[in-house]
Amino acid sequence: MAYSPSLFDVLLGIEQAIEESGSNIGRYLSEKEKAGLELAKQIEEANQLKGKEEKQRRAEEAYRIKLLKLEDKQLKDQENKFTKSIPFFNREIKERRKEIREEIQSYAVNEQNRLIKNEEDTLASRITSNDKSKEKHKKAPESELSDSAREQKRLWELIYDLPSTEEESSNLSEIEKEKGDQLLSWMTGGRGTDFLKSIPSAWLEAGEGLSGLLGAKDLKQKIREGKQAYEEKVGIADRDALNAQAGRLAGDIINPLGLIGKALKLPKLISKVPSFLKHLGSGSLYGAIQAEKDDEDPLTGAAIGAGASAILQGVGKGLSQAKKGKFEKIKKGATFTEPQEILQRTEVMGKGVTIPELVGDETLINKIKKDNSVFNKNRMGKIERNIKENAKKQMGELPKGEEELMELYGNLKDVRKEAGEATASLYDVVKESGIGSEGLLEKPMLKEWIQAIKRSQGEIKGLPKMKPNGAHIKDIEKLLMIAPDDPKAYRAFYIQNANHLPTAGDFLKYRSKVKNMLEKSGSAEVEGLTNLSENIERIIEGVDTTSSLAKANKAYKTKIAPLNQKDVKSAMTAASFAESKEGRPKISKVFGEQSNENNLVFKQLPTEDKKRVIGAFLEENLKNEKNPARAMLETWKKLPDYIKLTDDPEIKKIIEGMHSLSQVNQTLSSMQRSTTTDIGSRQAIDKAMKIGKWLGYGGSIFVNPTLTAGLGLVEGLAKGGMAARHALLRKGVGQKQLKHYLKPELLDELYSRKISHLQKPIIKIQEQNKKKRENYDNKRYRRDQYQRSQ
Amino acid sequence: MRRKVKEAMNTHEKLYPDQRKLNDLAIEDLKSLGNISPARPLALHVGYVLDGHHQNRGRYGRNYDYRLLPEEKKAVDREVSELAELALMLQNPEYIMDNSHQMPSENHQLAQEVLKHFIMKHGPQESQPHLEKELYDPLITALVDRIQDQESILELLLAHHMVKESEHTPDDYSSMLKAHFLFPAHKGRSEGHWGQNIPKIFAMLGGEGGV
């Protein structure tokens, strides 16, 4: 068996290759050639059998091939550079590159054949003249040899010391056995790589492999058998095909992007990984390819390559809870020595697995455990389930509200009808506005014009602008790149960008300006201007300029240009887009975009039409949301800000009412979130009644037949929402304050204290008055007594 | 009222110093908005805390309440102010005696009366158990009741809209916001402010050995 790297080495090799280049198909081949050339050099150095002339010729040939490769590289760069702009030049490059590749391939084939032949001869001659060679090598002084030659010599000694016959084998001494072990370890340790490449590995593959070779009774015979088997199996030509195939596989592996599509079939093909890994593990790329051939699935190798790169790069993140559990069971600190282990990890972790995940890094495991997104998702899922379950129960508590809701929903059919009519009416308006194709330059025409200018730009100075005060030619080009091909969509696009894109009139003006320039120009620019003028004429060849273009220009001025006024442009354009895609404009699309232009259009509409616009939005949402209250809320969310912030008092009320439904909706949701223990309790019933009442505001309005007519329904539902909002705000005002939590006795005490505090001055005055009275009385009494005594 | 909210936030940051930067960011954002409502700093701060990567401040739009109507904004402000005041009174009784507010609230006035009543009636030492039962308990019950109300203004308006802007779950945002009101109360309790500061208040009222 040939070179036997560990699987980790192989994966590392692939990773390195990914880093180095994305498209080195054929790298394997060139490396093989390089190794072959180096080997030839080494053999020549060691044996010094070939003549100088032959050596020189081959060196020259190798040098020539190197130059060809260099040229090929340069051409490749040029090819990439000119691919889009100069097709015919690119064709020449391609042809030349093809020639170079053929030459290099032919050289590679010849060189390989020569090496194989040389090797066969060398080995055969050495095996037959075993003793002579042994003596010759033994005689060569160690000091005269280079390091590589010394290593080579040691290797040959080891091989020649192996038994080649049964008799020798039976007499194998312990020392010789030891040498055999040394050889084996030397080879499997990686140091024998170059040497192994010198022995055609396919021979070994076709035979019994390296182990068979080492234990062979007749070494020479074994190698010959291997060669014969190999030639019978594939032949030299097939060998080249296999090499190329190996190159493609290597290229695929190192170019994962090219395999995204193929990798989608990875799950199906992943079952083939073990055989591939087995072959890779045993170091046989041919074996791996052969496995692919045997499976008769051309995608296998490619998919495995993609799988390997996916493993190495780790394209995905996040694991389900179940996978987390499995992940924890995987033993930490992978060694990559067990393909089965890697496979198991890959299966558990999915194709997005990263190397650290594969290895089982502890930090990473902890990180995954702490991944909030996973738990949030689980929790959100649980909450959602609870809401759905509880909602059913809660709705049971609200028979009246539900009934009203259903009735309300039934009435909303009228809204749809009205909104539909309003939509159709607006559509007619748009249609009648006459967005015609007249006056607009067709896309190919505009492109040709640009090309004509660009060709002459270098020769002429001061060329006029395509559109006076319009965009630069580069910007026009950019616009054309994104312009749609569909005629209706192109028309809409054109109108939207009419300030930048030149019209038929602009073209005519440009044409006359160029003609004027030609008449006045000096001799230096005559040629350039003549060419430009001719090219311009070629664009409108066969077109009656005086009638059709002039007519188009006139049509543009009368029909299209007015549409470019700020107040109608955006709405008309949006309508036109909608028309081109779906055959009928949607009001919600026309007014859905937040823009100043739409704002101006909306402002100009009478209040009734504004209501219709909102109704059209509602109609859209009712398609997805059966609950009308929620549909209304969704409608509010989707309304552009210019509608939400309208100054129209009537519309403002509607908007506020719609928004207020969010409170109703929120309260409903909070009820649904409440635990099951709350259900049936007084609190829940109170809440349910409250909700019913709030919704009742809306419901009572909707069941009123006079109000259901027309789009007053929108307004009605909004009013219901407003009532709910006011209820909420009143609730906010009436929040329980501290006084509700203090004991009544304490409040009484505080009150009486306050009163007593306030009464204190009065009592004082009263006491003072009393005193005064007493004093007065006393004085009076004393006076009376005195008078009596007198 | 802005000062009250800021005090609540500062208190919280003393307990969690790493959140200081977030508070500064919230204040900085608010300054750039000019006329601010008291609910905003707290709402933004909570958003930043919850978000964990406040570098992406743009996601709050710096005007998270644009969906609210003017009267709803007022309601949110009033609710936040009252909750912040309850939290601060629970944190330290000295705040109850603070008369620097131009327009003292009903709760604040009542709490001050109760505090004075018991201190002057029973003296600094004897009044402790009475204050605990007659004032502290009602205050904390009032705060918790309002925080737990599933249909509160805070829950239905502020949390709901903030969630829309920040993409957090309503429960997460709501609980984090409410936690900010409970932290001052928790701090006051753990540091024993109510026990320590009553004698100071008694001295401030001019008493020496009780009435």
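Chain naming here is simple, since letters A, B, ... match the order of the sequence lines and numbering starts at 1 in each.
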Listed by chain and number, what are the side chain to side chain donor-acceptor pair (under 3.5 Å) partners of E132(B), not counting sequence neighbours?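 Scan of E132(B) (side chain to side chain donor-acceptor pair (under 3.5 Å), adjacent residues dropped) gives R189(B).
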Restricting to side chain to side chain donor-acceptor pair (under 3.5 Å), what partner residues turn up for D145(B), sequence neighbours left out?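 Side chain to side chain donor-acceptor pair (under 3.5 Å) check on D145(B) returns Y741(A).
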Using modelled atom types and a 3.5 Å cut-off, is there a donor and acceptor pairing between side-chain atoms of N107(B) and backbone atoms of L738(A)?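 Indeed, once roles are kept as given, a pair shorter than 3.5 Å links the two residues.
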Atom group of K133(B) that falls short of 4.5 Å from chain A, counting heavy atoms: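 Just its side chain gets close to chain A.
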Under 4.5 Å from any heavy atom of chain A, what part of E134(B) do you find: side chain, backbone, both or neither?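 Both backbone and side chain of E134(B) come within 4.5 Å of chain A.
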salt_bridge(K739(A), E113(B)) N-O dist < 4.0 Å: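 Between E113(B) and K739(A) there is no salt bridge, as every charged N stays at least 4.0 Å from the carboxylate O atoms.
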Between atom CZ of F118(B) and atom CG of L746(A), what is the distance when rounded to the nearest 0.5 Å?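 Answer rounded to 0.5 Å: 4.5 Å.
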Taking everything shown except E126(B) itself, do over 12 heavy atoms lie less than 6.0 Å from its CD?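 No - once you tally the heavy atoms of other residues, nucleotides and ligands closer than 6.0 Å, there are 12 at most.
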Please tell me if the side chains of L110(B) and L747(A) come closer than 4.5 Å, counting only heavy atoms from C-beta onward.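 When only atoms from C-beta onward are counted, L747(A) and L110(B) do touch, with a gap below 4.5 Å.
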